[in-house]
Amino acid sequence: MPHDLVSDFQARGLIHQSTDSSQLREWLSTPGRRVYAGFDPTADSLHVGHLVALVLLRRVAHAGHEPVALIGGATGMIGDPSGRSEERNLLSPDELAANIAGVERQIRGILSNAGNDGHVTRHHVVNNADWMRGVGYLEFLRDVGKHVPLSQMLGKDSVKSRLERDGGLSYTEFSYMLLQAWDFVHLSDALDCRVQIGGSDQWGNITAGIELGRRLRSRELHGITCPLLTKSDGTKMGKTASGAIWLDPRRTSPYRFYQYWINLDDDDAGRCLARLTPLSLEELTDLDAKRAANPAARDSQKRLAEELTRLVHGDTGLAAARQATDIFFGAEIGQLDDGQLAEIFADVPSREFPLSSLDGDGLQLVEALTDTGLAQSRGAARRTIEQGGAYVNNRRISDVAYRLTAKDLAGAATLVLRSGKKSYAIARFQ
RNA sequence: GGGGAGUUUCCCGAGCGGUCAAAGGGGUCAGACUGUAAAUCUGAUGGAUUAUUCCUUCGCAGGUUCGAAUCCUGCACUCCCCA
């Protein structure tokens, strides 16, 4: 395996800016080097936007180095102004603690199974609150602040752009870069970690750390930023009309996660394959060729969705997502238990009915469609049925007078209604 | 202050005494096609019931008529022109 991380990053389009690449290569030519990326705990889960950095750390591990994930327990209290147009709201200590716990679990999950070629990689997860907490304000100003020229701080994009806006920024957010700079120096002391990677919006913070390392320790630190993932329509990767795509299955089900990647357009899928998956460059070229020859097969999207769903949700998550995909795209729903149904249809609205409504003649399909909100009125429900748009457990029902009875149940007490191609609702009977 | 035009169903916009739940377009919802894309085509689109039919809707309130979205009166709002 070619262990030249820098060339690999370049080939995959992962480098936006970096410090001198020959020095970087030189430093990384010895195995076991430590490379870090930071994650601020702004929510109790990471989202797709964090995936690039996480995958970068996995690549670091693959190249024979040791990834270090830094959780910003301290910096998260302040809020990073980079890439932000408005002042952040401060998190309460409780929220922050919960966020740290959630984020840490996800990071460990992704880094510990980094060995899909068999080996468990050595990695570190650190929290900057651990070394920041004990540092007093005066001490910090003397030891760190004294070595950072104001002109340099004011020159950063994150500060400049905010000062030009109406809202400006607070002294608190202004100071953020000092904390991150100090993190870098601290990690170089404690772990001999000399490379920091991050999104392109982190360049200012990273160089602040490099500068501080030079002044304080006369030490050469290195930095790499990768381009922010954007879609070809200009929007941010991982953002949808209904919100962000999260890594936590409770926020975004494995099915929706999987679907997000399946639905990318061809160019985006190609770019994501290169940047987010461990596929070799040969495999990438191969998929590029297939995509050009037969775009309808959607090989790239499938492979991408598969790789990333397995990475984030594991094999069971991938299996669930696939099963859900089959069902959402027409497969008749056979024998599934209520638990499986609940999992597959996690994102679907549901409605409870008394179990007794299935007795005797049963429940009018028209009524079930309106009660679950799939149809606006009984007339609309009738119309949908007449036009062939109504399904029970994915079986088309075209009889307006159809009544649901116990034999229509998919699980023990669950039944799946659908209107048209995509609108589902779950009816639960109790 | 004077003169004129207007207010229609989710939106735009026809209708100017019965044949009006109201043309047409957009949107939306189904169906076909398709790459879970885009475009295109077909159907539907106030509510209840489908056999018929009933109820509610055309700025608001009254009135004239067997019958009004359409005529009259008053009120509210919007726009334009002249001072």
Side-chain angles (χ1 to χ4, degrees), chain A residues 48 230-243 245 252-273 286-309 313 317-333 344-349 351 361-403 416-425:
Chain A
V48 162
T230 51
K231 296 211 287 185
S232 42
D233 61 8
T235 57
K236 259 191 200 164
M237 188 62 75
K239 291 276 183 215
T240 66
S242 51
I245 302 291
T252 300
S253 69
Y255 164 73
R256 273 217 295 144
F257 183 87
Y258 181 87
Q259 282 295 317
Y260 178 77
W261 303 107
I262 286 279
N263 281 320
L264 286 186
D265 71 39
D266 297 351
D267 290 346
D268 291 335
R271 218 144 10 94
C272 285
L273 276 169
D286 186 42
L287 280 168
D288 286 343
K290 277 189 182 165
R291 192 167 63 243
N294 182 14
R298 299 170 76 71
D299 291 318
S300 297
Q301 282 88 340
K302 280 178 191 156
R303 189 64 193 274
L304 177 67
E306 207 170 284
E307 290 289 338
L308 294 180
T309 307
H313 297 296
L318 176 59
R322 277 190 167 142
Q323 190 176 31
T325 297
D326 286 344
I327 285 173
F328 278 120
F329 290 92
E332 206 171 300
I333 298 167
I344 291 169
F345 292 98
D347 307 318
V348 160
R351 157 90 208 223
D361 284 347
L363 177 68
Q364 275 193 328
L365 178 57
V366 168
E367 196 176 332
L369 287 173
T370 50
D371 284 357
T372 51
L374 284 180
Q376 298 259 322
S377 66
R378 296 173 67 84
R382 249 185 231 106
R383 231 175 281 132
T384 304
I385 298 172
E386 277 169 4
Q387 297 181 132
Y391 300 80
V392 174
N393 300 330
N394 273 351
R395 193 159 44 86
R396 179 180 279 178
I397 302 289
S398 45
D399 174 12
V400 177
Y402 193 83
R403 286 173 167 274
V416 181
L417 297 170
R418 174 178 142 209
S419 158
K421 282 187 177 50
K422 291 181 187 152
S423 317
Y424 281 86

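- In terms of the side-chain hydrogen bond (donor to acceptor under 3.5 Å, both in side chains) criterion, residue partners of A:Ser253 (sequence neighbours excluded) are, by chain and number, A:Asp347.
- Residues A:Thr309 and A:Pro254 come closest through the heavy atom pair CG2-O, 4.4 Å.
- A:Asp399 contributes a side-chain N or O that, together with a main-chain N or O of A:Ala401, makes up a donor-acceptor pair within less than 3.5 Å.
- Nucleotides B:rG1 and B:rU28 place their C1' atoms 48 Å apart, quoted to the nearest Å.
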Between the protein and nucleotides 26-28 of chain B, list every N/O to N/O distance that falls short of 3.5 Å.
none

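- B:rG74 and B:rC29 have their C1' atoms separated by 43 Å, with the value rounded to a whole Å.
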Run the numbers on A:Glu386 and A:Arg382 for salt bridge (Lys or Arg N to Asp or Glu O under 4.0 Å), then give the verdict.
-> CA-CA 6 Å; A:Glu386 277 169 4; A:Arg382 249 185 231 106; over 6 Å; no
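- Minimum heavy-atom separation, A:Leu264 to A:Arg298: O-NH2, 4.3 Å.
- Side-chain polar atoms of A:Gln301 and A:Arg291 form no donor-acceptor pair below 3.5 angstrom.
- With P as the reference atom, B:rU19 and B:rU70 are 14 Å apart, rounded to whole Å.
- Between B:rC71 and B:rG24, the distance separating the two C1' atoms is 27 Å to the nearest Å.
- With A:Arg378 contributing its side chain and A:Ala380 its backbone, the two residues share no donor-acceptor pair below 3.5 Å.
- Between A:Lys302 and A:Asp299 there is no salt bridge, since no side-chain N of the basic residue sits under 4.0 Å from a carboxylate O of the acidic one.
- Of the P atoms belonging to B:rC10 and B:rC60, the separation is 13 Å, rounded to the nearest Å.
- Taking the C1' atoms as reference points, B:rG4 lies 35 Å from B:rU56, given to the whole Å.
- Every residue was checked against the side-chain hydrogen bond (donor to acceptor under 3.5 Å, both in side chains) condition with A:Thr370, not counting sequence neighbours, and none meets it.
- A side chain to side chain donor-acceptor pair (under 3.5 Å) with A:Tyr391 is found for exactly one of A:Arg396, A:Glu332, A:Lys421, namely A:Arg396.
- Atom name P, nucleotides B:rG25 and B:rU40: the rounded distance is 14 Å, in whole Å.
- Between B:rG31 and A:Ser398, no contact under 4.0 Å exists linking OP1 or OP2 to a side-chain N or O.
- One can place CD1 of A:Ile397 at 17 Å from P of B:rA30, the figure rounded to the nearest angstrom.
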Sort me out a list of protein N/O and nucleotides 41-48 of chain B N/O pairs below 3.5 Å, or just none if empty.
{"residue": "B:rG43", "atom": "N2", "partner": "A:Gln387", "partner atom": "OE1", "Å": "3.2"}
{"residue": "B:rG43", "atom": "N2", "partner": "A:Gln387", "partner atom": "NE2", "Å": "3.4"}
{"residue": "B:rG43", "atom": "N3", "partner": "A:Gln387", "partner atom": "OE1", "Å": "3.3"}
{"residue": "B:rA44", "atom": "O4'", "partner": "A:Gln387", "partner atom": "OE1", "Å": "3.3"}
{"residue": "B:rA44", "atom": "O2'", "partner": "A:Arg383", "partner atom": "NE", "Å": "3.2"}
{"residue": "B:rG47", "atom": "OP1", "partner": "A:Ser377", "partner atom": "OG", "Å": "3.0"}
{"residue": "B:rA48", "atom": "OP1", "partner": "A:Arg378", "partner atom": "N", "Å": "2.8"}
{"residue": "B:rA48", "atom": "OP2", "partner": "A:Gly379", "partner atom": "N", "Å": "2.9"}

Reading nucleotides 32-37 of chain B 5' to 3', which nucleotides get B (base under 4.0 Å from a protein heavy atom), which S (sugar-phosphate only), which -?
-> SB-BBS
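- Helical stems involving RNA chain B, defined as 3 or more consecutive Watson-Crick or G-U pairs under 3.5 Å, span B:1-7 with B:76-82, B:10-12 with B:24-26, B:27-32 with B:40-45, B:46-48 with B:53-55, B:59-63 with B:71-75.
- Atom-to-atom distance recorded for A:Cys272:SG and A:Tyr260:OH is 7.5 Å, nearest 0.5 angstrom.
- With 3.5 Å as the limit, one finds a donor-acceptor pair spanning the side chains of A:Gln259 and A:Thr325.
- A donor atom on one side chain and an acceptor atom on the other are not found under 3.5 Å apart for A:Tyr258 and A:Asn263.
- Taking atom C1' in both B:rC80 and B:rU64, the straight-line distance is 32 Å, to the nearest Å.
- Of the residues near RNA chain B, A:Val400 and A:Gly388, the one whose nearest nucleotide (by heavy atom distance) lies more toward the 5' end is A:Gly388.
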Report the C-alpha distance between A:Tyr255 and A:Phe345 in whole Å, list the side-chain angles of each, state the deciding distance to 0.1 Å, and finish with yes or no for ring-ring contact (aromatic ring centres under 6.0 Å, His included).
-> CA-CA 9 Å; A:Tyr255 164 73; A:Phe345 292 98; 8.6 Å; no
